[in-house]
Every structure is written in C-alpha cells, then in structure tokens.
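To start, the structure under review is shown below, and the notes come after it.
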Amino acid sequence: MKNDILKTVVSVEEIDNICKRLGAQISEDYKDKKPVVIGLLKGCLPFMSDLLKYITTYVTLDYMSVSSYNGGTSSTGAITIKRDIESNVEGKDIIIVDDIIDTAITLTNIVEHFKKKNVKSVRICTLLDKPSGRVVPLVPDYAGTIIPNEFVVGYGLDYKGFYRNLPFVGVLKEEVYKK
Ligand code: IMP
Ligand code: MG
C-alpha cells in the first residue's frame with residue numbers, strides 16, 4: 001500500500017505537532033466549558049483519536065456520518081445524514097472534527113444543521129485545509145495545516161475507501177488512478 005504513494009505531504013511528526021498544538025489551544029479555549037466533540041466519520045477517526053489525547057478539559061464524544069453532496073455547486077440542503085449523533089446538543093458547545101475542508105459545502109451545511117438544533121456555540125476543527133478549493137466561504141476555527149489543491153490520502157483520507165490507515169498524508173502515484 002505504501003508503494004502507491006508518490007510523496008508525503010504531512011509527515012507523522014508534523015501530524016503529532018499539529019495534534020499537540022490544536023489540543024492545547026482547544027484545552028485553553030474550553031477550560032471552563034464541557035464541549036461535545038463530534039467527529040465526522042469515517043475520515044475523522046485517526047485525527048480525532050490523536051487530538052483527544054492532547055485535550056485536557058472535560059469533553060464528551062459523538063459521531064455522525066453524512067453523505068457526500070451531488071455535483072458540488074449547490075451550497076444549501078445538500079447533505080443527507082446517514083448516521084446521526086446520539087447526544088442532545090441543545091444549549092451545548094460543540095466542536096466538529098473533520099479530516100479536510102475543500103469546497104466547505106459539507107461543513108457549511110453541518111454548521112447550519114446544528115444551529116437549527118440551538119447549540120450554544122459551534123466551532124470547526126480540521127486537520128487539513130484546502131482554501132483554494134472553496135465553493136462557499138468558510139474559515140475553520142482550528143486548522144492543522146494548509147495544503148495545495150491536490151488530492152491527498154492517508155490518516156483518515158481515502159481513495160475508493162483505501163489508504164485511511166496510512167500514518168501520514170500523501171499524494172498517490174498517477175498509475176494508481178489507472179488501475
Ligand atoms: P467539502 O469541503 O464539502 O468539499 O468536503 C470535504 C470532504 O471531501 C472531506 O471530508 C473528504 O471526505 C473529501 N475530500 C476533499 N478533498 C479530499 C482529498 O484531497 N482527499 C480525500 N478526500 C477529500
Ligand atoms: Mg470526510
């Protein structure tokens with residue numbers, strides 16, 4: 001599987017430093033709160049797991065899974081919830097954790113969804129940010145690192161369901177797409 005990778009974009013060491021930095025920042029910002037950390041499956045898994053180890057305040061966890069939108073240009077009502085959270089988030093501070101923000105269509109819709117549920121506050125934490133891919137404007141509250149507009153895999157990010165278990169983020173060799 002590793003042989004399919006052309007180059008590393010975010011290394012294991014860089015990822016650990018990102019988790020440390022964001023974990024410390026979240027711990028400080030929420031030191032007097034008890035936020036619900038909501039991971040977007042399946043891409044959030046490795047990042048959320050590592051990030052949580054560096055969060056020192058009280059948190060509860062939840063997960064949701066949404067279907068990808070159709071086409072990519074419609075910016076409202078474009079998500080279907082495949083698996084919803086279990087907690088009641090009304091009046092709660094929530095932090096949504098995702099692997100990457102590209103067009104921002106998915107997260108914009110998720111934020112709207114939670115605002116309708118009358119959360120007290122909602123913030124976004126993403127490992128990767130691709131600002132050049134934006135279709136709707138959205139600036140994440142916590143972002144690990146900005147990457148150029150290229151397709152990446154690993155550390156939660158997949159191509160056809162694979163590569164999520166790579167411990168780093170990288171770019172696939174051209175030949176992989178021809179298989
Ligand atoms: P968007 O911000 O609404 O475009 O959606 C972001 C989602 O698209 C992410 O959670 C990923 O599932 C997927 N995605 C975007 N860019 C990449 C990439 O470079 N590699 C793998 N998945 C990606
Ligand atoms: Mg995703």
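Just so you know, ligand 1 is whichever comes first in the structure, and atom 1 is the first atom listed for that ligand.
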Item to check | Test side chain to side chain contact (heavy atoms under 4.5 Å, CB included) applied to Asp4 - qualifying residues, sequence neighbours left out | outcome: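 Scan of Asp4 (side chain to side chain contact (heavy atoms under 4.5 Å, CB included), adjacent residues dropped) gives Tyr163, Leu172, Val176, Lys179.
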Checklist entry - Under a heavy-atom criterion of less than 4.0 Å, does Asp158 contact ligand 1? => result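 In this structure, Asp158 qualifies as a contact of ligand 1 - some heavy atom is under 4.0 Å.
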Next on the checklist: So, 4.0 Å and heavy atoms of Leu107: is ligand 1 close enough to count as a contact?
Outcome noted: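 No; Leu107 lies far enough from ligand 1 that no heavy-atom distance drops under 4.0 Å.
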With heavy-atom distances below 4.0 Å as the criterion, list the atoms of ligand 1 near [X].
{"X": "Asp98", "result": "10 (O)"}
{"X": "Lys130", "result": "16 (N), 17 (C), 18 (C), 19 (O)"}
{"X": "Glu150", "result": "19 (O)"}
{"X": "Thr106", "result": "1 (P), 3 (O), 5 (O)"}

Looking at ligand 1, does any of its N/O atoms fall within less than 3.5 Å of an N/O of [X]?
{"X": "Val153", "value": "no"}
{"X": "Ile105", "value": "yes"}
{"X": "Ala104", "value": "yes"}

Checklist entry - Between atom SG of Cys19 and atom CG of Leu127, what is the distance when rounded to the nearest 0.5 Å? => result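 Between atom SG of Cys19 and atom CG of Leu127 there are 7.0 Å.
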Item to check | Distance (rounded to the nearest 0.5 Å) between Ile100 CD1 and Leu40 CG | outcome: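 Rounded to the nearest 0.5 Å, the CD1-CG separation comes to 13.0 Å.
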Next on the checklist: Looking at Ser27 and Thr56, would you say the former's side chain and the latter's main chain have a donor-acceptor pair under 3.5 Å?
Outcome noted: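 Judged by distance alone, yes, a pair lies under 3.5 Å.
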Item to check | Any donor-acceptor N/O pair, Lys130 side chain to Glu150 backbone, under 3.5 Å | outcome: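 Side chain of Lys130 to backbone of Glu150, a donor-acceptor pair under 3.5 Å: yes, one is there.
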Checklist entry - For ligand 1, does Asp102 get within less than 4.0 Å through its side chain, its backbone, both, or neither, judged by non-hydrogen atoms? => result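 The answer is both, backbone and side chain.
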Checklist entry - Nearest non-hydrogen atom to atom 9 (C) of ligand 1 belongs to which of Val66, Leu157, Ile100? => result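 The residue whose heavy atom sits nearest atom 9 (C) of ligand 1 is Ile100.
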Checklist entry - So which of Leu128, Ile110, Thr103 gets nearest to atom 4 (O) of ligand 1, if we judge by its closest heavy atom? => result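 Answer by nearest heavy atom: Thr103.
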Checklist entry - Does Val119 share a hydrophobic cluster with Ile81, counting links as ILVMFWY side-chain heavy atoms below 4.5 Å and allowing steps through other members? => result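 Yes, one cluster joins them.
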Checklist entry - Which ILVMFWY residues can you reach from Val139 by hopping between side chains whose heavy atoms are under 4.5 Å apart? => result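 Hydrophobic cluster check, Val139: no partners found.
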Next on the checklist: With no hydrogens and no angle check, just 3.5 Å: does a side-chain donor-acceptor pair link Arg123 and Tyr142?
Outcome noted: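 Tyr142 and Arg123 do have a side-chain donor-acceptor pair below 3.5 Å.
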